Structures are given as C-alpha cells and as structure tokens.
Amino acid sequence: MKTPSQDIHPVCRIRSGIVCLGLLCGFVLIGCRLFYLQVLQADVGAHQAQQQHEKTVVVQPDRGVIVDRQGHPLALNVEVSSLYVRPPSLNDPQRVARSLAPILQMPVKELRDLFTRNQPYVWVKRNIPEPVVKEVEALNISGLGLTKEPHRFYPKGELVSHLVGFAGIDSQGLEGVELQYESYLRGEKNLVKYQRDALGRKLASPPSHDSVPLSTGYHLTLTIDEVVQFIAEAELAQALKQSGAKSGSIVIMDPLNGAILAWALHPTFDPNHLGQFSTQDWRNRLVTDPYEPGSTLKIVVAAAALEEQVMSPDTLIYGGDGKMSVAGTIVHDPAKTSWMTFSEAVAQSSNVGAIKVAMELGQNRVFRYLKAFGFGEKTEIDLPGESSGILREPNKWSGRSLSSIAMGQEIAVTPIQMVTAMSVVANGGWLMTPYVVSSILDSSGQAVLTKEPQPKRRPISLETTGTLTRILELAVEAGTGKRARLAGYRAAGKTGTAQKIDPKTGSYSSSQVIASFVGFAPVERPRLAMLVVIDEPTIGNWGGEIAAPVFRKVAERVLPHLGVLPGGSAVIRTAAANSPIPSPQPIVQ
C-alpha cells in the first residue's frame, strides 16, 4: 500500500534529503579519488605495487686485484667461511657456548654473551679455517649458520707489504695502496632484484632486465717489479744481520720517469697475519719518517755551486787539515786534507769543503736549491701518510745553521725525497713526481687511469748534471763510496753518515748513527736510482762501509734483470735541454 505524500512528516523529508546529498557527495569524492589514483597517479601506483612483490638489494663487488708490473698478483680475494648465530632460534646458549669454545678457541663467556644478545643476527667468528668449519658443521646446532664471504689474501706475504698495505675484515682499505686507492679497489655497488611473495619470502625468478650486471673492483697494476723487490729485501735483511742494525730501508726508482721499482723496509710484517705484528711494524717509514741525511745532502750544495758558477770541478778549497771553527765550535773533517779541488771535496765527503761551498753560496741560495730539489715539501707520491720533512725558513736559521745544513744536519728528509733528489742528477735535471700505480682497469678491462711521467720543475741544467755526475762517479771510483763500485757497470753516488739525537741528552749521539748511500747506475744510461739506509748499526759506522756495499750487491743483481748488460755506451740518457721527455744526450769526457 502506497503511503500518501501528505502523510510523510516534513522532518523526515529533510533528513532523507540530507542522507541522499551525503551519499552523492561521498560517491563524488570516491570517484575523484579513483580518478586521481588510476589516471593521475597511475605510474606511482604501478611502482608501489612492484615494490610490494620485488626487492632490490645492494651487493658489494669483490675487491679489485693488485698486481706488479709483470702481472704477478700481490693482493687478491679468496672465499672464506664465517660463523653467525640467530639468538632467538638458539636453544640452551650455555650448552652451545661450552661445545663451541674449544673448537673456535674462544672463551665460553664471550660466546654466551654473543648468543644471548637481543639481536636477530650476530657474527660469531669471521674467516674460519676449513678444519674448524667441518667440526662446527658436525655439531648440527640449530640457530648457527655458516656463510661464504670474500677475504683479502696476500700471496707474497711480507714481500712489499708496506707499499701494498692491507684491507680490513670487511674489505675496507686501511694502509698503503689499499687505502690510497680505496675508491677504485672497492668498485661500484651492484643492485640485484628478486621477486617475493605476500609474506616477503624470496621467489625464484629470471633475472630482471633492470638489474645491473655484477661487477668487481678495479684492477691495479703497480710499478713494482717483484724480482727487484725480492732482491732488495733479501740484501737488506742480510745487511741488517751483518751490521746488527735496528732497521733499514731500500727504495729503487726509475730516475727517468719516477716509477718505483722496489720498496723494502725491515722490520717487515705479513698482512695475512697482522695480529702477530705491532703497529710500528706496519709504519711505512719511507714516506712517514724524516731523518737527518748527513753527507748525502751534499749533492744539493754541490749542484747549487755548479749551477750558480761559484765553483768548478778544479776550484781549490783549503781543508784546514780537517778542522774549521764555526760559530764558536770546531767542525772536524774525516778527510783531514789541506788543499783539495771541489771535485775531491765532494768525492771525499769533506765537511770543511761543504761548509765553505755553502758560505760562498749564502743561505738564501742554499735554501732556494733545497726547495727546488723537493725538500720541505711532499713529493706527492700516491701513498698515504707522507711527511714533508723539516726545512726551516732562512730567517729562523742560527749562526751555525748554514754550516750544519751543508753537512746534512738541522734538516730532516724522507727517504723518498732523497732518492727523488738524486734522480734529478741522473735524468738531466728534472724533479719527477714518484708514483707506484701505473694503470687502473675497470671490471670490463677498460683503462680508467694510466700514469704518465710528471716532471715538476728543472732545478739544474743538463750541463750541471753532467759535471756533477762525473764528480759523483769519482766518489764511487776513488772516494768514500768505493765499496759501491759495480763489476762491469759505471755508477755514481754519495755516502752519508748522520749522528742521531740522543733523546736522553738532547745532543748528537756518538754511537747511534744512520748510515746511507744514494746513487744511480749505469752512468751512461741510468736505469735505477737507489737509496740504502741502515739505522743504528752496531758493527761499523760509516755509510761507505755499511750502506755502499748493499747498493753494489743490489745493483749488480737488478741491472741484468732490467736487461742492462755490463759495459755500455758513452752516452747518458738524460732529459733534453728544453723538454721533460727523457732522451739520450752526449757527455763530454
């Protein structure tokens, strides 16, 4: 039966209208929202839907390999097993800790603390040997898991360890080349996608076309020659044994381009077993630790005197029979000569001669040439932790400083600075930037970096290097460096003996010295510049007695390996007069 409209109360009619209007507004809002989501936000919605069933994870690539110049591996990756625990899934942590303690060689309390942490996932022990892995697997304990992860391995052990450095347990570079080139060795992160169900579980599915192909860290090739390095380390170890020295180092450079061929330090360390060595053993002293060079610094004073034409090879210098008064103190000269030529003063390492030459130059010119040869500034070698050494401004020198610096005191240099300075003489006058990495390749084998020789400046002329080379050859043939004389090769060099500061007295020690020799060979076509430093020998004191023979033994073994036959032509491979590119130039004998 139909209700008459006049029987509907007006209030009910109003309420019905309000309800209908509300429903109409609701449908309009829903329609607008659907239009916004389905049309205007269609791409965003599709992306959100994809994220609900697709997961993207970041995978760190394997660390890049480091090889020597011949391609021999010096640092690579191996897979090792590591043990983890899921504490919520572990039953009876105390019992499990007691079972694992003798196998893992860890305290029961330490294991129990790990097993009771309020975390879903905890590392128990990383890098576990395979025999231990088998014992853990045999226990078949629920809640424990083993996984494979990459681990850095150094196949040559102690060989060139200070230069290569090492990486940490999570493959992060911590020292040496591993640290310096961390961004290249670590490589770019990989993105890997996989499908998952409504509960977030991983589903097997074909690789996504959007996935980035897995890559590895970049491949580094060093300038180091493994054979040269082995020779340097073996001869250095023998020298330290014979002299009873505290420590020592050898650095060998190609003087024509600045490439480092060998980088040897003792004491050394094995990066595969860091826990067996102290942090001092890791210290890369060839770049971090300045020392007073002694008479090896006289090559800079001699070069300055020749370049400024205040001396010639035949200029006579009065030696004072081995004594000279300087600023109220007496300087003693082992040469103990009266009159000598400038060449003889350098070859015999005369202190009096060096002081008188420095006085002729004056402190400003001496300082300028020290700076020009690279002292007081970093060489910019591609290794971390380099020191700039110590070279004070002339306005801070005392009345004795000029004389002291002429003898290699009141100045501190790093070994890499010293061998780089000698390379200036060997290559025709160019100060080169030393380097240890020659090229970097990406994961596809494409070169991303190739090092070229980088000359900084030219401190001295070609003519000066030729004259000074003949004088330094005289030092090897008939001077203080006679024990550096090579069989079948011509060599040039300079000895050095520097007293160390006694920390107890604050003055120079009469027993603790640094004996050194810096030189290059062969004279007619230099292929190597080398510095030998022997710290605190107990048998013998002089650089010519201790360090020079090491130079000889190393050079006589290295030169044939580099393809240099005994003999040689009458030309020196030096830099052209106006170009940093090395080229042969005749030397007037």
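In what follows, residues are counted from 1 in the order of the sequence shown. It should be emphasised that the depicted structure is a prediction, and the values quoted were computed from it without experimental measurement.
Pairing each heavy atom of L90 with each of V96, the nearest pair is CD1-CG2, 4.1 Å. Heavy atoms only, all atoms of each residue included: P453 and N257 are closest at CG-CB, 3.6 Å. The two atoms that bring V554 and A232 nearest to each other are CG2-CA, 4.4 Å, heavy atoms only. The two atoms that bring P267 and D281 nearest to each other are CB-OD1, 3.9 Å, heavy atoms only.
Two residues are said to be in side-chain contact when any heavy atoms from C-beta on lie closer than 4.5 Å; F373 and L297 fail this criterion. For the pair M253/S423, a side-chain contact is recorded, criterion being any heavy-atom separation below 4.5 Å from C-beta on. Contact check for H561 versus V228: side-chain heavy atoms found under the 4.5 Å cut-off. Using a 4.5 Å heavy-atom threshold, the side chains of V80 and R126 count as separate. In this structure the side chain of M432 reaches within 4.5 angstrom of the side chain of P455, judged on heavy atoms. Side-chain contact check for V425 versus M422: some heavy-atom pair is nearer than 4.5 Å. The shortest side-chain heavy-atom distance between L222 and V164 falls under the 4.5 Å cut-off. Side-chain atoms of I224 and E226, non-hydrogen and from C-beta on, never get closer than 4.5 Å to each other.
Between the CD1 atom of I169 and the CG atom of L274 there is a distance of 11.0 Å, given to the nearest 0.5 Å.
Salt bridge E130/K148: present, at least one basic N to carboxylate O contact under 4.0 Å.
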Could you list the donor-acceptor pairs under 3.5 angstrom formed by side chains in residues 102-113, with sequence neighbours left out?
residue : atom : partner : partner atom : Å
K109    : NZ   : D113    : OD2          : 3.1
R112    : NH1  : Q94     : OE1          : 3.2

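Between W282 and F269, the ring planes lie tilted relative to each other; the angle falls in the 30° to 60° range.
For the residue pair T268 and S161, a side-chain donor N or O sits within less than 3.5 Å of a side-chain acceptor on the partner.
T495 pairs by the side-chain hydrogen bond (donor to acceptor under 3.5 Å, both in side chains) definition with T480, not counting sequence neighbours. In this structure, the side-chain contact (heavy atoms from CB on, under 4.5 Å) partners of S401, at least two apart in sequence or on a different chain, are R392, W397, S398, E410. Under the rule for a side-chain hydrogen bond (donor to acceptor under 3.5 Å, both in side chains), the partners of E377 that lie at least two apart in sequence or sit in another chain are R457. E178 is linked by a salt bridge (Lys or Arg N to Asp or Glu O under 4.0 Å) to R63, R152, counting only residues two or more places apart in sequence or in another chain. When the side-chain hydrogen bond (donor to acceptor under 3.5 Å, both in side chains) test is applied to Y489, no partner is found at least two apart in sequence or on another chain. By the side-chain hydrogen bond (donor to acceptor under 3.5 Å, both in side chains) test, H151 pairs with N127, sequence neighbours left out. For F230, there are no ring pair (Phe, Tyr, Trp, His ring centres under 6.0 Å) partners at least two apart in sequence or on another chain.
Around atom NZ of K371, more than 12 heavy atoms belonging to other residues, nucleotides or ligands sit under 6.0 Å away. Counting non-hydrogen atoms of neighbouring residues, nucleotides and ligands closer than 6.0 angstrom, the CZ atom of R86 reaches no more than 12 such neighbours.
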(Q) Applying salt bridge (charged side-chain N to carboxylate O under 4.0 Å, His left out) to D68 and K156, what does each step give before you reach the verdict? (A) CA-CA 11 Å; D68 82 333; K156 306 302 179 181; over 6 Å; no
Q: Please step through side-chain contact (heavy atoms from CB on, under 4.5 Å) for the pair L441 and T221, ending with a clear verdict.
A: CA-CA 8 Å; L441 306 180; T221 299; 5.6 Å; no
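Annotation: salt bridge (Lys or Arg N to Asp or Glu O under 4.0 Å) contacts involving residues 411-432, sequence neighbours excluded, are absent. Residue pairs meeting the ring pair (Phe, Tyr, Trp, His ring centres under 6.0 Å) criterion with at least one partner in residues 237-259, sequence neighbours excluded, do not occur; the list is empty. Annotation: side-chain hydrogen bond (donor to acceptor under 3.5 Å, both in side chains) contacts involving residues 433-442, sequence neighbours excluded, comprise D442-S444. For the ring pair (Phe, Tyr, Trp, His ring centres under 6.0 Å) condition, no pair includes a residue of residues 232-259, sequence neighbours left out.
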